[in-house]
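Here is the structure we will look at, set down as C-alpha coordinates.
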Amino acid sequence: MSVYPAKIAKKLSEKADAAASEGAVCGRAASFICGCFAEACISVDDDAQVIANIGFATNGCGFMAASCQVLEEKLTGRELAALKGLSDDRLVAELESDLGEFPEARKQCALVAIEALRAAFGRLRKARAAEFVGDSPLVCTCFGVSEDDLLSAIKTTQASQFRDLEAATRAGRGCGACRMLIEELIETAKIRD
Ligand code: FES
(Lines give C-alpha, C1' and ligand atoms only; values in the text may rest on other atoms or scores of the structure.)
Protein backbone atom coordinates (compact mmCIF):
# COMPACT_ATOMS: atom_id res chain seq x y z
CA MET A 1 0.00 0.00 0.00
CA SER A 2 1.33 3.45 -0.95
CA VAL A 3 2.18 6.09 1.65
CA TYR A 4 0.66 8.67 -0.73
CA PRO A 5 -2.98 9.65 -1.33
CA ALA A 6 -4.68 7.54 -4.04
CA LYS A 7 -4.50 10.16 -6.85
CA ILE A 8 -0.80 10.80 -6.23
CA ALA A 9 -0.01 7.06 -6.09
CA LYS A 10 -1.95 6.46 -9.33
CA LYS A 11 -0.08 9.26 -11.12
CA LEU A 12 3.27 7.86 -9.95
CA SER A 13 2.38 4.41 -11.25
CA GLU A 14 1.87 5.89 -14.74
CA LYS A 15 5.35 7.44 -14.85
CA ALA A 16 7.33 6.90 -18.04
CA ASP A 17 10.85 8.32 -18.18
CA ALA A 18 10.84 11.44 -20.33
CA ALA A 19 13.84 12.03 -22.52
CA ALA A 20 14.93 15.64 -22.98
CA SER A 21 14.38 16.58 -26.60
CA GLU A 22 17.17 17.94 -28.78
CA GLY A 23 17.73 21.67 -28.33
CA ALA A 24 15.85 21.68 -25.03
CA VAL A 25 16.68 24.36 -22.48
CA CYS A 26 16.66 23.36 -18.84
CA GLY A 27 16.08 25.13 -15.53
CA ARG A 28 16.26 23.96 -11.94
CA ALA A 29 14.69 24.82 -8.62
CA ALA A 30 15.20 23.39 -5.15
CA SER A 31 13.34 23.42 -1.87
CA PHE A 32 14.98 25.11 1.10
CA ILE A 33 12.77 22.96 3.32
CA CYS A 34 13.59 19.43 2.17
CA GLY A 35 16.58 20.07 -0.14
CA CYS A 36 14.96 18.23 -3.05
CA PHE A 37 15.18 19.62 -6.57
CA ALA A 38 13.30 19.52 -9.84
CA GLU A 39 14.67 20.18 -13.29
CA ALA A 40 12.50 21.09 -16.27
CA CYS A 41 13.71 20.88 -19.87
CA ILE A 42 11.59 22.56 -22.52
CA SER A 43 11.60 23.01 -26.24
CA VAL A 44 9.34 25.45 -28.05
CA ASP A 45 8.07 25.34 -31.61
CA ASP A 46 8.56 28.99 -32.60
CA ASP A 47 6.51 28.79 -35.79
CA ALA A 48 3.49 27.23 -34.15
CA GLN A 49 4.10 29.15 -30.89
CA VAL A 50 3.50 26.05 -28.81
CA ILE A 51 5.49 24.09 -26.23
CA ALA A 52 6.81 21.19 -28.30
CA ASN A 53 8.13 19.17 -25.37
CA ILE A 54 8.62 19.27 -21.61
CA GLY A 55 10.59 16.73 -19.57
CA PHE A 56 11.13 16.86 -15.82
CA ALA A 57 13.60 15.14 -13.53
CA THR A 58 13.38 15.25 -9.74
CA ASN A 59 14.82 13.57 -6.66
CA GLY A 60 11.82 14.73 -4.65
CA CYS A 61 8.92 12.97 -2.93
CA GLY A 62 5.82 11.57 -4.61
CA PHE A 63 4.07 14.96 -4.41
CA MET A 64 6.92 16.64 -6.29
CA ALA A 65 7.25 13.80 -8.81
CA ALA A 66 3.50 13.71 -9.49
CA SER A 67 3.44 17.53 -9.89
CA CYS A 68 6.24 17.29 -12.47
CA GLN A 69 4.40 14.56 -14.31
CA VAL A 70 1.11 16.45 -14.47
CA LEU A 71 2.87 19.60 -15.70
CA GLU A 72 4.51 17.54 -18.47
CA GLU A 73 1.16 16.09 -19.51
CA LYS A 74 -0.83 19.30 -19.32
CA LEU A 75 1.63 21.74 -20.86
CA THR A 76 3.15 19.75 -23.73
CA GLY A 77 1.51 21.08 -26.89
CA ARG A 78 0.02 24.11 -25.14
CA GLU A 79 0.06 27.43 -26.98
CA LEU A 80 2.41 30.05 -25.49
CA ALA A 81 -0.48 32.51 -25.40
CA ALA A 82 -2.35 30.14 -23.09
CA LEU A 83 0.43 30.09 -20.48
CA LYS A 84 -0.73 33.43 -19.08
CA GLY A 85 2.54 34.17 -17.31
CA LEU A 86 2.83 30.74 -15.61
CA SER A 87 1.32 32.04 -12.40
CA ASP A 88 1.51 29.90 -9.27
CA ASP A 89 -2.23 30.19 -8.65
CA ARG A 90 -3.27 28.94 -12.07
CA LEU A 91 -0.77 26.08 -12.17
CA VAL A 92 -1.45 24.94 -8.61
CA ALA A 93 -5.17 24.89 -9.47
CA GLU A 94 -4.41 22.72 -12.54
CA LEU A 95 -2.28 20.35 -10.47
CA GLU A 96 -4.86 20.04 -7.72
CA SER A 97 -7.65 19.43 -10.22
CA ASP A 98 -5.80 16.24 -11.21
CA LEU A 99 -4.11 15.27 -7.96
CA GLY A 100 -6.51 16.53 -5.30
CA GLU A 101 -5.70 19.20 -2.74
CA PHE A 102 -2.16 18.96 -1.39
CA PRO A 103 -1.60 18.85 2.38
CA GLU A 104 -0.36 22.27 3.56
CA ALA A 105 3.18 20.97 4.21
CA ARG A 106 3.41 19.54 0.66
CA LYS A 107 2.27 22.60 -1.27
CA GLN A 108 5.92 23.64 -1.55
CA CYS A 109 6.62 20.42 -3.51
CA ALA A 110 4.30 21.62 -6.29
CA LEU A 111 5.85 25.08 -6.19
CA VAL A 112 9.36 23.67 -6.74
CA ALA A 113 8.17 21.96 -9.94
CA ILE A 114 6.54 25.22 -11.12
CA GLU A 115 9.66 27.23 -10.26
CA ALA A 116 11.82 24.82 -12.30
CA LEU A 117 9.51 25.37 -15.25
CA ARG A 118 9.81 29.15 -14.90
CA ALA A 119 13.61 28.83 -14.62
CA ALA A 120 13.70 26.90 -17.91
CA PHE A 121 11.60 29.57 -19.65
CA GLY A 122 13.82 32.28 -18.14
CA ARG A 123 16.91 30.63 -19.64
CA LEU A 124 15.17 30.14 -22.97
CA ARG A 125 14.22 33.84 -23.06
CA LYS A 126 17.81 34.88 -22.32
CA ALA A 127 19.24 32.58 -25.00
CA ARG A 128 16.77 33.76 -27.65
CA ALA A 129 17.29 37.43 -26.76
CA ALA A 130 21.09 37.01 -26.98
CA GLU A 131 20.83 35.38 -30.42
CA PHE A 132 18.49 38.07 -31.75
CA VAL A 133 19.87 40.49 -34.30
CA GLY A 134 17.89 43.71 -34.69
CA ASP A 135 17.96 47.44 -34.13
CA SER A 136 16.42 47.15 -30.72
CA PRO A 137 16.85 44.41 -28.06
CA LEU A 138 14.25 41.66 -28.03
CA VAL A 139 12.35 41.71 -24.73
CA CYS A 140 9.50 39.20 -25.16
CA THR A 141 10.84 36.21 -27.04
CA CYS A 142 7.53 34.34 -26.86
CA PHE A 143 5.91 36.91 -29.17
CA GLY A 144 8.90 38.69 -30.75
CA VAL A 145 8.31 42.05 -29.06
CA SER A 146 11.31 44.38 -28.98
CA GLU A 147 12.18 47.23 -26.64
CA ASP A 148 11.30 49.74 -29.38
CA ASP A 149 7.90 48.08 -29.89
CA LEU A 150 7.22 48.40 -26.18
CA LEU A 151 8.39 52.01 -25.91
CA SER A 152 6.24 53.00 -28.84
CA ALA A 153 3.24 51.15 -27.32
CA ILE A 154 3.82 52.94 -24.00
CA LYS A 155 3.60 56.25 -25.87
CA THR A 156 0.60 55.48 -28.03
CA THR A 157 -1.48 53.75 -25.37
CA GLN A 158 -0.27 55.81 -22.39
CA ALA A 159 0.36 52.47 -20.65
CA SER A 160 1.03 52.93 -16.96
CA GLN A 161 1.08 49.31 -15.89
CA PHE A 162 2.05 45.87 -17.12
CA ARG A 163 -1.51 44.85 -18.01
CA ASP A 164 -1.91 47.81 -20.39
CA LEU A 165 1.15 46.80 -22.40
CA GLU A 166 0.30 43.11 -22.27
CA ALA A 167 -3.08 43.91 -23.83
CA ALA A 168 -1.55 46.17 -26.48
CA THR A 169 1.39 43.98 -27.56
CA ARG A 170 0.85 40.45 -26.12
CA ALA A 171 4.30 40.78 -24.48
CA GLY A 172 4.32 38.92 -21.17
CA ARG A 173 1.25 36.85 -21.96
CA GLY A 174 3.26 33.65 -22.53
CA CYS A 175 5.87 32.30 -20.13
CA GLY A 176 6.07 35.61 -18.24
CA ALA A 177 9.89 35.63 -18.16
CA CYS A 178 9.94 39.15 -19.66
CA ARG A 179 7.51 40.65 -17.17
CA MET A 180 10.11 42.28 -14.93
CA LEU A 181 11.80 43.94 -17.91
CA ILE A 182 8.48 45.27 -19.17
CA GLU A 183 7.68 46.70 -15.74
CA GLU A 184 11.10 48.38 -15.66
CA LEU A 185 10.47 49.96 -19.07
CA ILE A 186 7.13 51.34 -17.88
CA GLU A 187 8.68 52.77 -14.71
CA THR A 188 11.60 54.29 -16.66
CA ALA A 189 9.17 55.91 -19.10
CA LYS A 190 7.23 57.43 -16.17
CA ILE A 191 10.42 58.97 -14.76
CA ARG A 192 11.34 60.44 -18.17
CA ASP A 193 7.92 62.05 -18.67
S1 FES B 1 9.30 36.02 -23.01
FE2 FES B 1 7.66 34.67 -22.65
S3 FES B 1 5.95 35.99 -22.36
FE4 FES B 1 7.57 37.31 -22.88
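If you're wondering where the values come from, they're calculated on a predicted model, not measured in any experiment. Along the sequence shown, residues carry numbers from 1.
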- Between Phe162 and Arg179, is any pair of side-chain heavy atoms under 4.5 Å apart? yes

- Check whether any side-chain heavy atom of Leu185 lies under 4.5 Å from a side-chain heavy atom of Met180, and answer yes or no. no

- Message: What's the separation between atom OG in Ser146 and atom CG in Leu151, rounded to the nearest 0.5 Å?
- Response: 8.0 Å

- Considering all heavy atoms, the nearest Ala171-Cys178 contact: C-SG, 4.4 Å

- Query: With no hydrogens and no angle check, is any side-chain donor or acceptor of Arg125 less than 3.5 Å from a backbone partner on Val139?
  - Reply: yes

- Task: Any chance you could measure Leu150, atom CG, to Leu181, atom CG, to the nearest 0.5 Å?
- Result: 9.5 Å

- Can you find a pair of side-chain heavy atoms, one from Leu91 and one from Lys74, that are under 4.5 Å apart? no

- Message: Can you confirm whether Leu71 sits close enough to Ile54 that some side-chain heavy atom of one is under 4.5 Å from a side-chain heavy atom of the other?
- Response: no

- Task: Indicate yes or no: does Lys126 engage Glu131 in a salt bridge with an N to O separation below 4.0 Å.
- Result: no

- Query: Is any side-chain heavy atom of Cys175 less than 4.5 Å from a side-chain heavy atom of Arg118?
  - Reply: no

- Which value, rounded to the nearest 0.5 Å, describes the distance between Leu165 atom CG and Glu183 atom CD? 10.0 Å

- Task: Check whether more than 12 heavy atoms from other residues, nucleotides or ligands sit under 6.0 Å from atom NZ of Lys155, and answer yes or no.
- Result: no

- Without swapping roles, check the side chain of Asp164 against the backbone of Gln161 for a donor-acceptor pair under 3.5 Å. yes

- Is the closest side-chain heavy-atom distance between Lys11 and Ser13 below 4.5 Å? no

- Message: Check whether Phe63 forms a cation-pi arrangement with Arg106 (NZ or CZ under 6.0 Å from the six-membered ring centre, at most 45° off the ring normal).
- Response: no

- Do Val25 and Leu80 share a hydrophobic cluster, counting only Ile, Leu, Val, Met, Phe, Trp and Tyr and linking them when any side-chain heavy atoms are less than 4.5 Å apart? yes

- Query: Should the pair Arg173 and Phe143 be classed as cation-pi, given the thresholds of under 6.0 Å to the six-membered ring centre and 45° from the axis?
  - Reply: no

- Item | Heavy-atom pair of closest approach, residues Ser160 and Lys190 | O-NZ, 3.1 Å

- For Asp45, salt bridge (charged side-chain N to carboxylate O under 4.0 Å, His left out) partners two or more places apart: none

- Item | Inter-residue atom distance Ile51.CD1 - Glu72.CD, 0.5 Å rounding | 11.5 Å

- Query: Is Lys84 salt-bridged to Asp89, going by a charged N under 4.0 Å from an acidic O?
  - Reply: no

- Item | From CG (Leu117) to SG (Cys41), nearest 0.5 Å | 11.0 Å

- Item | Inter-residue atom distance Ile8.CD1 - Phe102.CZ, 0.5 Å rounding | 4.0 Å

- Message: Minimum heavy-atom separation for Thr76 and Ala52, please, with both atom names.
- Response: CG2-O, 3.6 Å

- Give the C-alpha distance, both sets of side-chain angles, the deciding distance and a yes or no for salt bridge (charged side-chain N to carboxylate O under 4.0 Å, His left out) between Lys7 and Glu101. CA-CA 10 Å; Lys7 286 183 175 177; Glu101 193 177 348; over 6 Å; no

- Query: Can Ile114 be reached from Leu99 by stepping across I, L, V, M, F, W or Y side chains whose heavy atoms are under 4.5 Å apart?
  - Reply: yes

- Query: Which heavy-atom pair separates Ser67 from Ala113 by the least distance, and what is that distance?
  - Reply: CB-CB, 4.0 Å

- Query: Do Leu111 and Leu83 belong together in a cluster built from hydrophobic side chains that touch within less than 4.5 Å?
  - Reply: yes

- Query: Would you call Glu94-Arg90 a salt bridge at under 4.0 Å N-O?
  - Reply: no

- Cut-off 3.5 Å, side chains only: do Glu147 and Ser136 have a donor facing an acceptor? no

- Check: Cys36 and Gln108 side chains under 4.5 Å, non-hydrogen atoms: no

- Nearest heavy-atom neighbours spanning Ala66 and Leu12: N-CD2, 3.8 Å

- Task: Answer with yes or no whether the hydrophobic clustering places Phe121 together with Val112; edges join I, L, V, M, F, W, Y residues whose side-chain heavy atoms lie under 4.5 Å apart.
- Result: no

- Message: Does atom CZ (Arg123) have a neighbourhood of more than 12 heavy atoms from anything else shown, all under 6.0 Å?
- Response: no

- Any chance you could lay out the side chain to side chain contact (heavy atoms under 4.5 Å, CB included) test for Val44 and Leu124, step after step, and finish with the verdict? CA-CA 9 Å; Val44 166; Leu124 181 67; 3.6 Å; yes

- Looking at side-chain heavy atoms only, is the closest gap between Tyr4 and Cys61 below 4.5 Å? yes

- Task: Provide the closest heavy-atom pair for Cys140 versus Gly172 in the form atom of the first, atom of the second, distance.
- Result: SG-N, 3.6 Å

- Phe37 backbone acceptor or donor facing Asn59 side chain under 3.5 Å: yes

- Task: Answer yes when Glu166 and Arg170 have at least one side-chain N-carboxylate O distance shorter than 4.0 Å, and no when they do not.
- Result: no

